[in-house]
Amino acid sequence: MADGYDPQAIEAKWQAWWAEHGTYEVDNDDPRPHWYTLCMYPYPSGAAHMGHVRNYTFGDLIVRSRTMKGYAVLSPMGFDSFGLPAENAAIKTGRHPREFTEERIEQLSQSVMRIGAVYDWRRLVTSHDPAYQRWTQWIFLRFLEAGLAYRRNAPVNWCPGCQTVLANEQVLADGTCERSGDPVVKRDLEQWFFKITDYADQLLDDIDDLDWPERVKVMQRNWIGRSEGAEFDLVVTDADGVPAPGGAQVRVFTTRPDTSFGMTYAVMAAEHPLVASIVPADRRVEVDAFVATARQASDVERMSSEGSLDKRGVFTGVYVMNPFTQAPVPLYLADYVLMGYGTGAIMAVPAEDQRDWDFAQVHGLPIVRTIQPPDGWEGEAWSGEGAHINSGWMDGMGKAEAIASAIDFLERDGLGEGKVNFRLRDWLVSRQRFWGCPIPIVYCDDCGIVAVPDDQLPVLAPDDVEFLPTGESPLRRHPGFLHTTCPTCGGPATRETDTMDTFVDSSWYFLRFADPWNSEEPFSLAAASGWLPVDQYIGGVEHAILHLMYARFFTKALADLGVAPKELREPFARLFTQGMIRLGGDKMSKSKGNLVAPEEILDREGADALRLAHLFVGPPQDDVDWEGVGIEGCARFLQRVWRLATGEAGRPPVERDVTADDLEIARATHRLIAKVDEDLERWSYNTTVAAFMEFSNDLYRYVQAPDGPRAETLAFALDTMLELMAPMAPHITAELWQRRRGGHVHEQPWPQADPAMLLVDTVTMVVQVNGKVRDRLEVPSSIDAAEAECLALGSEKVQAHLGDNPPRKVITRPPSLVNIVAG
RNA sequence: GCCCGGGUGGCGGAACUGGUAGACGCAGGGGGCUUAAACCCCCCAGCCCCUGCGGGGGCGUGUGGGUUCGAACCCCACCCCGGGCACCA
């Protein structure tokens with residue numbers, strides 16, 4: 001008697017075999033067509049959780065199936081190993097973050113191997129590896145040379161909880177820190193920025209050609225937030241329109257220059273630099289008071305009033321000339337105008353902008369419609385289409401024509417010009433943290449900002465530092481690190497003590513994977529050209545904006561700098577974003593304490609069953625609730641496969657000529673090949689697993705039939721099923737293949753369906769009367785319309801339903817359907 | 001508020017381009033195996049009604065309309081759930 005299915009034994013055996021034989025190691029000069037599959041490299045958080053399992057199950061399936069289809073598949077693994085949790089742990093325990101991190105890398109590596117996912121481990125990349133830091137810093141210096149990295153004093157988002165600066169992206173809509181939940185405050189600091197805005201247009205335009213989920217593309221477009229309009233100067237005047245001494249002007253941005261005749265006031269942000277110089281003495285006290293409140297108001301307060309904004313503001317005491325009407329209008333400060341967008345000042349057109357309308361109501365300002373609202377419009381501001389009124393020469397024009405005409409006017413008179421604005425801001429990369437890649441810069445009293453020379457890279461953080469919850473990086477308190485000599489003049493200098501945002505590390509790791517051994521450059525052009533762009537990138541939808549945007553920016557910038565291949569405009573040709581794991585409706589997470597540990601299932605049902613369960617539970621892009629996961633059903637299914645393939649189920653195979661039943665099994669086998677091929681291509685893994693289950697159910701009936709199975713037919717069916725299942729359930733299929741055939745199932749060529757075997761002789765034809773199914777007839781699949789109609793009308797059930805009503809019309813769709821329309 | 005998704009049995013889901021709604025699995029029911037239980041094997045199974053027990057009929061994909069010979073699928077309005085953005089001029 002054959003021994004039973006023992007997942008623990010065979011999974012350990014095959015995982016060891018793949019590791020020892022370097023089965024999924026691939027060289028850059030591999031002659032097979034190249035294919036690069038990548039799962040977003042994980043933050044090393046310890047043993048894998050269900051989200052990891054799901055991610056790597058999808059990735060591994062692609063690696064293995066692409067390999068069987070004849071590709072050289074690059075499947076690397078790495079770790080996003082810098083970051084706050086390790087440093088916070090260090091502050092708590094005093095353990096060095098490296099020790100903490102490397103322990104967790106080991107744990108996560110082990111659990112990834114335990115689910116049977118295979119990688120070219122030789123190419124391992126970790127962010128904190130000095131070799132990797134060296135090239136991250138090298139890239140920073142190239143950006144600096146190219147003007148893509150710059151330093152400026154800027155109001156930054158400061159999180160009191162994390163004691164560090166946050167990027168705009170890390171501040172939630174309610175003004176709190178995405179990590180600690182503390183309210184974020186504004187502080188002025190010297191910070192390093194990357195000039196991602198230089199690429200705003202390209203980042204926007206190139207989205208169109210990406211094979212990415214539409215929702216991710218939409219999110220990226222919205223984040224970039226391109227808007228077209230005009231920018232122009234307003235001359236500061238007194239109430240009578242007499243220009244102020246000094247000739248001050250306020251520049252405003254608008255997307256609706258066509259409505260300028262309706263500008264009845266203008267607004268500047270409280271932080272606007274002109275506030276200091278243009279406000280007359282008699283308005284100073286009130287204006288200063290307003291500015292003080294506005295500055296102190298944290299984002300939390302500003303956001304807290306939500307829909308019903310109170311439109312706080314103050315009159316500056318001066319006016320600006322509306323160049324369209326040649327009339328002075330009052331200039332206000334208001335907190336609904338942001339210094340960070342456009343010019344920090346707007347022309348206000350209350351009739352066509354609801355926010356301006358609200359403000360005008362509160363402050364008793366006039367409202368002049370310049371667009372005729374549609375008949376019956378009873379709302380307030382009308383921002384839609386309509387003919388222009390009260391607009392001088394633009395009267396009667398439509399929106400597009402009037403915009404062009406208004407810009408024309410501004411440009412002709414030298415007042416302003418057409419202008420495109422973006423919501424996207426430059427990327428603040430400085431972090432006051434220890435556990436990150438140091439910024440390779442030295443400050444010299446004589447030479448100023450000096451780049452650390454390439455041959456002195458990497459700048460590494462010292463190990464002997466104290467981890468304290470202060471506002472400063474431990475690097476700043478380490479004299480040996482802080483004090484250095486200027487590389488240019490040799491005089492005394494201090495190092496930059498900030499480190500880079502960890503998103504910098506993750507913005508180019510996928511390039512390093514192509515050439516991780518390179519010690520002369522981050523990666524060679526040839527290696528990058530050979531593998532990039534990533535053919536299939538897989539990860540969580542939570543990275544839809546930041547990581548993907550930054551990685552796209554890096555790729556474009558590196559290509560333009562000649563570091564990456566010139567033609568490499570995008571890093572990830574195809575992107576797949578998987579759904580989240582929930583438990584009973586809640587997001588599954590450590591903080592909620594509702595984790596289902598993969599280990600328990602690996603110990604009990606095994607990795608193949610767990611992988612299959614993840615694939616079977618539903619569409620990969622959807623969120624899954626672990627309560628709906630049928631691990632038992634998948635384990636049971638694998639048991640059945642085991643018994644079928646080892647001959648434990650049913651009667652022994654016999655030699656005989658092909659019977660009708662044998663032929664049907666052979667056809668079902670070919671249909672399975674076609675179905676699996678199609679489903680894998682469209683990421684429909686749940687239906688693929690269903691097809692395997694259905695097929696094994698057919699085989700079970702087949703081997704139990706009184707005549708027994710035909711040996712050749714059964715062998716073909718089983719071997720084919722093992723080959724097709726090999727990417728999804730790699731261990732059991734490897735073991736069964738070795739027992740049945742010897743050798744390795746994952747080295748077999750991918751099965752091909754015989755088109756002739758996909759044809760069927762007869763099909764079930766549905767007969768409807770008035771659209772309701774009344775009969776089902778077995779008909780030859782070659783039946784024509786006339787025969788189908790004839791058969792359908794001959795059906796007794798149809799006759800019964802027709803009664804005395806003669807058919808008025810017959811719709812035929814041979815061979816599947818006939819619909820009889822009766823009176 | 002704006003922009004995306006989505007709503008199908010007790011549950012997860014299937015139905016690919018408008019053509020048999022509910023594949024496959026979980027949970028459930030019946031039978032077999034067993035001294036017994038578990039495992040395993042076979043069968044049933046959307047809801048409601050009728051039945052002479054062969055079967056027959058009606059209803060049914062969030063709600064209400066529409067287009068069509070025919071709608072889970074297309075159109076309009078609405079309700080609910082999830083996600084993104086949010087005083088961006």
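Labels below follow one simple rule: chain letters A, B, ... track the order of the sequence lines, proteins then strands, and each chain is numbered from 1. Values below: all heavy atoms of this structure, side chains included; hydrogens, waters and symmetry mates excluded.
Spacing between atom CG of L234(A) and atom P of rA89(B) amounts to 18 Å, rounded to whole angstrom units. As a whole-Å value, the separation of E648(A) CD from rC39(B) P is 18 Å. Put simply, CE on M219(A) is 11 Å from C1' on rC3(B), counting in whole angstrom units. With rounding to whole Å, Y5(A) atom OH is found 18 Å from rC39(B) atom P. Atom CG of L548(A) is separated from atom P of rG84(B) by 15 Å (rounded to the nearest Å). What separates CG of D353(A) from P of rA89(B) is a distance of 9 Å, to the nearest Å. Spacing between atom CD1 of I207(A) and atom C1' of rC4(B) amounts to 14 Å, rounded to whole angstrom units. Whole-Å rounding puts the M765(A) CE to rG19(B) C1' distance at 13 Å.
When the nucleotides rA14(B), rA89(B), rC3(B) are ranked by their closest atom to the side chain of L338(A), rA89(B) comes out on top. Closest to the Y341(A) side chain, of the nucleotides rC16(B), rC43(B), rA89(B), is rA89(B). In the set rC16(B), rG25(B), rC85(B), the nucleotide with an atom closest to the side chain of W223(A) is rC85(B). The nucleotide whose nearest atom lies closest to any side-chain atom of R813(A) is, among rC69(B), rA21(B), rC24(B), rC69(B). In the set rC16(B), rC69(B), rU20(B), the nucleotide with an atom closest to the side chain of R682(A) is rC16(B). Distances were taken from every side-chain heavy atom of P619(A) (C-beta onward) to each of rA14(B), rG19(B), rC87(B); the shortest belongs to rA14(B). The side chain of R640(A) lies closest to rC42(B) when the candidates are rC42(B), rG12(B), rC24(B). Of all nucleotides listed (rA14(B), rC69(B), rA89(B)), rC69(B) comes nearest to the side chain of K809(A).
Within the nucleic acid shown, E694(A) comes within 4.0 Å of sugar-phosphate atoms alone, with no base atom in reach, counting heavy atoms only. Backbone-only engagement by S227(A) is indicated by non-hydrogen atom pairs under 4.0 Å involving sugar-phosphate atoms exclusively. R221(A) comes within 4.0 angstrom of nothing in the nucleic acid, heavy atoms only.
Between N686(A) and rA14(B) there is a side-chain N or O to OP1 or OP2 distance below 4.0 Å. Between R312(A) and rC87(B), a side-chain N or O to OP1/OP2 separation shorter than 4.0 Å is absent. Dashed line: the shortest gap from a side-chain N or O of R643(A) to OP1 or OP2 of rC41(B) is under 4.0 Å. The phosphate of rG25(B) (OP1 or OP2) has a side-chain N or O of N697(A) nearer than 4.0 angstrom. At least one side-chain nitrogen or oxygen of K772(A) sits closer than 4.0 Å to the OP1 or OP2 atom of rC59(B). Put simply, Y700(A) has a side-chain N or O that comes within less than 4.0 Å of OP1 or OP2 on rC41(B). The phosphate of rC42(B) (OP1 or OP2) has a side-chain N or O of Q704(A) nearer than 4.0 angstrom. Phosphate contact (OP1/OP2 of rC24(B), side-chain N/O of R636(A), threshold under 4.0 Å): absent.
Between R604(A) and E632(A), no side-chain nitrogen of the basic residue sits less than 4.0 Å from a carboxylate oxygen of the acidic one, so the salt-bridge criterion is not met.
Where R256(A) and V766(A) meet RNA chain B, the nucleotide closest to each residue was compared, and V766(A) sits on the side nearer the 5' end. In terms of position on RNA chain B, the residue among G342(A) and D622(A) whose nearest nucleotide sits closer to the 5' end is D622(A).
When ring centroids are compared, F359(A) and Y336(A) come within the 6.0 Å threshold.
In the model, T764(A) has a side-chain atom that pairs as donor or acceptor with a side-chain atom of E778(A) under 3.5 Å. S227(A) and N421(A) share no donor-acceptor pair across their side chains, judged by distance under 3.5 Å alone. In summary, the side chains of S383(A) and Q354(A) do not present any donor paired with an acceptor at a separation below 3.5 Å, with no hydrogens or angles considered.
Applying the 6.0 Å contact sphere to CD of E796(A) captures no more than 12 heavy atoms from other residues, nucleotides or ligands.
Within the model, atoms CD1 of I371(A) and OG of S391(A) stand 6.5 Å from one another, a figure rounded to the nearest 0.5 Å.
Between the side chain of R215(A) and the base of rG5(B), no donor-acceptor pair under 3.5 Å is found.
Ring geometry for Y265(A) versus Y332(A): interplanar angle over 60°, hence perpendicular rather than tilted (30 to 60°).
Stems are defined here as 3 or more consecutive Watson-Crick or G-U wobble pairs with pairing distances under 3.5 Å; those involving RNA chain B are B:1-7 with B:79-85, B:10-12 with B:24-26, B:28-32 with B:40-44, B:46-50 with B:55-59, B:62-66 with B:74-78.
In rG9(B) the O4'-C1'-N dihedral to the base is within 90° of 0, which defines a syn nucleotide.
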Review point. Where do D707(A) and R651(A) land on the salt bridge (Lys or Arg N to Asp or Glu O under 4.0 Å) test, with the steps shown first?
Key: CA-CA 8 Å; D707(A) 297 342; R651(A) 297 169 191 270; over 6 Å; no
